Asks: 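I have a structure here, written as structure tokens, and I will follow up with some questions on it.
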Amino acid sequence: MSLIINGVAVAPPADPRTSLLDHLRETLHLTGTKKGCNQGACGACTVLADGERILSCLALAVQYDGRSITTIEGVGQGDALHPLQQAFIEHDGFQCGYCTPGQICSALGMIAEAKRGVPSNVSADLTAAVTLNREEVQERMSGNLCRCGAHNGIIDAIRHSVEAAA
């Protein structure tokens, strides 16, 4: 049994009751993923599991045996920032930065969902291609809270990144 964290196989926790969040932070010392509410309500602990966003505080690490987990530490390429990370800087998508890793991982998962055509609560046409306009991005990112009030910068950064990639 092993987990693939940012492309590296790692041993599972000794205690099968250990959350993925605690395993990342306390065992593997990948502290970019934040512990916010520890109840799945704030999104600070969002990581990607096989490209889909999950709340690592609600997941047991052993559930992800053999699956690929990407944390904020695995988003960029070496010292090079991912374009979304750069967009957060350019659009003031953070203030204190505590929620930023979860916001970025969630946004990457959200963009992939939109590319697959997954509709949201505000999608007017459930069969049409998804357009990540401001309303769509706000709805899809509503599970990630920012207590500093950087929401406008976050939304602008995500939309800029999507437009630049198109």
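None of these values were measured; they are calculated from a predicted model. By convention here, the first residue in the shown sequence is residue 1.
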Asks: May I ask you to check whether over 12 heavy atoms, not counting those of R67, lie within 6.0 Å of atom CZ?
Replies: yes
Asks: Counting only N and O atoms by type, is there a donor-acceptor contact under 3.5 Å from the side chain of S123 to the main-chain atoms of D125?
Replies: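 No.
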Asks: As an exercise, state the distance from CD1 of I72 to OG1 of T31, rounded to the nearest 0.5 Å.
Replies: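 The OG1 atom of T31 is 12.0 Å from CD1 of I72, to the nearest 0.5 Å.
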Asks: Are the side chain of D65 and the backbone of S2 linked by a donor-acceptor contact shorter than 3.5 Å?
Replies: yes
Asks: With distance as the sole test, does D50 use its side chain to make a donor-acceptor pair with the main-chain N or O of S68 at under 3.5 Å?
Replies: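 Checking the backbone N and O of S68 against the side chain of D50, a donor-acceptor pair under 3.5 Å is found.
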Asks: What are the two closest heavy atoms between A61 and H23, and how far apart are they?
Replies: CB-CB, 4.1 Å
Asks: Verify side chain to side chain contact (heavy atoms under 4.5 Å, CB included) between K34 and R25, making sure each step is shown before the conclusion.
Replies: CA-CA 8 Å; K34 303 300 185 220; R25 290 184 58 80; 4.1 Å; yes
Asks: Nearest heavy-atom pair of N133 and R159: which atoms, and what distance?
Replies: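 Shortest heavy-atom contact: C-NE, 3.6 Å.
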Asks: Find out whether F88 and L81 are in side-chain contact, i.e. whether some heavy atom of one side chain is under 4.5 Å from a heavy atom of the other.
Replies: no
Asks: Do you know the tightest heavy-atom contact between E136 and L132?
Replies: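 Smallest heavy-atom distance, with atoms named: CB-CA, 4.2 Å.
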Asks: Under 3.5 Å, side chain of Q85 to main-chain N/O of H82, donor-acceptor pair present?
Replies: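 Checked: pair present.
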Asks: Over all heavy atoms of both residues, which pair between C45 and S56 is shortest? Give the atoms and the distance, please.
Replies: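 Of all heavy-atom pairs spanning C45 and S56, the closest is O-OG, 2.7 Å.
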Asks: Would a hydrophobic clustering, with Ile, Leu, Val, Met, Phe, Trp and Tyr connected at side-chain separations under 4.5 Å, put L55 with M141?
Replies: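 No, L55 and M141 fall in different hydrophobic clusters.
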Asks: When you look at N121 and R140, which way does the side chain to side chain contact (heavy atoms under 4.5 Å, CB included) test go after all the steps?
Replies: CA-CA 8 Å; N121 190 46; R140 291 168 184 268; over 6 Å; no
Asks: Hey, what do you get for CD1 (I155) to CD1 (I158), rounding to the nearest 0.5 Å?
Replies: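 These two atoms lie 5.0 Å from each other.
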Asks: What's the spacing between L60 CG and Q63 CD if we round to 0.5 Å?
Replies: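 That separation rounds to 4.5 Å.
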Asks: To the nearest 0.5 Å, how far apart are CG in L21 and CD in E26?
Replies: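 Those atoms lie 8.0 Å apart.
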Asks: To the nearest 0.5 angstrom, please state how far the CG atom of D22 sits from the NZ atom of K35.
Replies: 3.5 Å
Asks: Show the nearest heavy-atom pair for residues P101 and G97, with the distance to one decimal.
Replies: CD-O, 3.5 Å
Asks: Other than L28, which residues form its hydrophobic cluster under the rule that side-chain heavy atoms must be closer than 4.5 Å?
Replies: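 L3, I5, V8, V10, L20, L24, L30, V47, I54, Y64, I69, all in the cluster of L28.
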Asks: Got C57 and S19 here, is their nearest side-chain heavy-atom distance under 4.5 Å?
Replies: no
Asks: With no hydrogens and no angle check, just 3.5 Å: does a side-chain donor-acceptor pair link T71 and N6?
Replies: yes
Asks: Tell me whether E163 contacts the main-chain N or O of H160 through its side chain, where contact means a donor paired with an acceptor under 3.5 Å.
Replies: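 No, E163 side chain to H160 backbone: no donor-acceptor pair under 3.5 Å.
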Asks: Nearest 0.5 Å, please: how far is CD1 in I154 from SG in C99?
Replies: 4.5 Å
Asks: Is there a donor-acceptor contact under 3.5 Å linking the side chains of E139 and S120?
Replies: no
Asks: Quick test of your reading: applying side-chain hydrogen bond (donor to acceptor under 3.5 Å, both in side chains), list the pairs with at least one residue in residues 88-102, sequence neighbours left out, ordered by first then second residue.
Replies: Q86-E90
Asks: Extract all donor-acceptor atom pairs below 3.5 Å that involve side chains of residues 102-119 and protein atoms in other chains or at least two apart in sequence.
Replies:
from : atom 1 : to   : atom 2 : distance (Å)
Q103 : NE2    : N144 : O      : 3.4
S106 : OG     : R53  : NH1    : 2.8
S106 : OG     : N144 : OD1    : 2.8
E113 : OE1    : R53  : NH2    : 3.0
E113 : OE2    : R53  : NE     : 2.9

